[in-house]
Amino acid sequence: MDLTARHPRTGELLPTVQFMVQTLAAAGDLQRDLTYDGLRAAEAKGNKDGRRPAIAADKTDAVRTAYLEGRSIAAALARDHDVSRGAIRTAVADLLPEYTAADPGTPVPELPVTLGMPGKVADFLRAADLDDVERAALDEGVTVRRGQGYTQRVSATHTVHRQFLDHCQLLDGAQGAPGIPAQRKARREYENRVNALVAGTLR
């Protein structure tokens, strides 16, 4: 299908094209959500995603001890364990001369996390009094259409996501404001996703 096909008279995308694009976008969003849920379930069971280390956990201590005793990475350890030099360097990374331990007193910088923000929450926040960082994160979000509604995929630190939640307390009917069930549900859905970051370890 030509996804750029337009009506010859109005110049707008054909309805069939719009339907296909929205369907593909919704399928992609669903796949991301299922992948995220699967990763969280695996982490809850103690499994980690990504490739397994080339050196088994029960051999790592022996490799580290041998390195400290002076055995070379390339000539001895990599050959003895039949792995690459990179695998050995990974196992002894914190023992290498170029390794610089982080100062325990230095706070670890937060990394941005992309979460799906329900459209009703995003609509409310656009009219809220946000600071520059919050406004930029919201404006740079990617809109994914889902049926008649949409999800805003927002990349921000966990702290900013928490600030977004604080801004939309009114959606729960706080401070005497009338709560609308659909908005209340949307806010709680977003809150569950933010809370899942803590339960599943920030990425």
Side-chain angles (χ1 to χ4, degrees), residues 1-44 47-51 110-173 177-203:
M1 175 181 286
D2 180 7
L3 297 181
T4 64
R6 297 180 177 274
H7 195 284
R9 190 171 61 254
T10 64
E12 296 180 350
L13 288 174
L14 294 177
T16 51
V17 172
Q18 295 180 32
F19 172 77
M20 182 59 70
V21 170
Q22 291 174 358
T23 301
L24 292 173
D29 194 44
L30 176 61
Q31 183 181 23
R32 282 190 292 270
D33 287 345
L34 291 176
T35 300
Y36 180 81
D37 292 343
L39 290 174
R40 297 287 75 74
E43 288 177 1
N47 300 325
K48 293 183 179 179
D49 57 333
R51 285 174 50 180
E110 283 192 89
L111 298 177
V113 181
T114 302
L115 289 182
M117 178 186 290
K120 294 185 184 301
V121 173
D123 289 341
F124 177 84
L125 289 172
R126 284 194 179 92
D129 183 19
L130 305 179
D131 63 29
D132 292 342
V133 174
E134 296 166 342
R135 181 68 61 188
L138 188 62
D139 290 344
E140 292 171 6
V142 177
T143 299
V144 180
R145 294 289 172 186
R146 308 186 74 172
Q148 295 182 345
Y150 74 96
T151 296
Q152 188 84 357
R153 298 192 68 80
V154 177
S155 293
T157 64
H158 179 254
T159 299
V160 172
H161 282 297
R162 276 286 170 198
Q163 291 170 192
F164 282 144
L165 282 173
D166 292 340
H167 284 302
C168 57
Q169 288 288 341
L170 291 176
L171 296 182
D172 270 347
I180 300 174
Q183 290 181 330
R184 199 160 50 230
K185 179 181 177 183
R187 184 198 175 280
R188 288 178 181 168
E189 180 181 347
Y190 178 50
E191 183 176 28
N192 289 339
R193 292 175 183 176
V194 175
N195 289 339
L197 293 177
V198 178
T201 305
L202 293 178
R203 295 190 302 172

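- Side-chain N or O atoms of R135 include one that pairs as donor or acceptor with a backbone N or O of R126 at under 3.5 Å.
- Expressed to the nearest 0.5 Å, how far CD of E189 lies from OG1 of T151 amounts to 7.0 Å.
- Of all non-hydrogen atoms in A186 and P118, the two that sit nearest each other are O-CG, 3.4 Å.
- Residue Y190 is tested with M117, K120, K185 for a side-chain contact (heavy atoms from CB on, under 4.5 Å); the sole match is M117.
- Proximity of Q163 to D131: side-chain heavy atoms (C-beta onward) are separated by under 4.5 Å at one or more points.
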**Request:** Apply the test side-chain contact (heavy atoms from CB on, under 4.5 Å) to residues L165 and R162: give CA-CA distance (whole Å), side-chain angles for both, the deciding distance (0.1 Å), then the verdict.
**Result:** CA-CA 5 Å; L165 282 173; R162 276 286 170 198; 3.7 Å; yes

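- Shortest non-hydrogen contact noted between Q169 and R187 is NE2-NH2, 3.0 Å.
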**Asked** Under the side-chain contact (heavy atoms from CB on, under 4.5 Å) criterion, do L115 and R153 qualify, and how do the steps go?
**Response** CA-CA 5 Å; L115 289 182; R153 298 192 68 80; over 6 Å; no

**Message:** The test is side-chain contact (heavy atoms from CB on, under 4.5 Å); show your working for V144 and R32 and say whether it passes.
**Reply:** CA-CA 12 Å; V144 180; R32 282 190 292 270; 4.1 Å; yes

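- Using modelled atom types, no side-chain atom of D29 and backbone atom of A25 make a donor-acceptor pair closer than 3.5 Å.
- Remark: side-chain polar atoms of E140 are not paired, donor with acceptor, to backbone N or O of S155 under 3.5 angstrom.
- For Q152 (side chain) and A122 (main-chain N/O), no donor-acceptor pair under 3.5 Å exists by modelled atom type.
- Within 6.0 Å of atom CG in N192, more than 12 heavy atoms from other residues, nucleotides or ligands are found, so the atom counts as buried in its surroundings.
- A donor-acceptor pair under 3.5 Å links the side-chain atoms of R193 to the main chain of G116, judged by distance alone.
- By the 6.0 Å contact criterion, CG on D166 is enclosed, its count of non-hydrogen atoms from other residues, nucleotides or ligands being greater than 12.
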**Asked** V194 and F164: side-chain contact (heavy atoms from CB on, under 4.5 Å), yes or no, with the steps?
**Response** CA-CA 10 Å; V194 175; F164 282 144; over 6 Å; no

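- We find the CG-CG distance between L130 and D139 to be 8.5 Å, quoted to the nearest 0.5 Å.
- Minimum interatomic distance between V121 and C168 (heavy atoms only, all atoms of both residues): CG1-SG, 4.1 Å.
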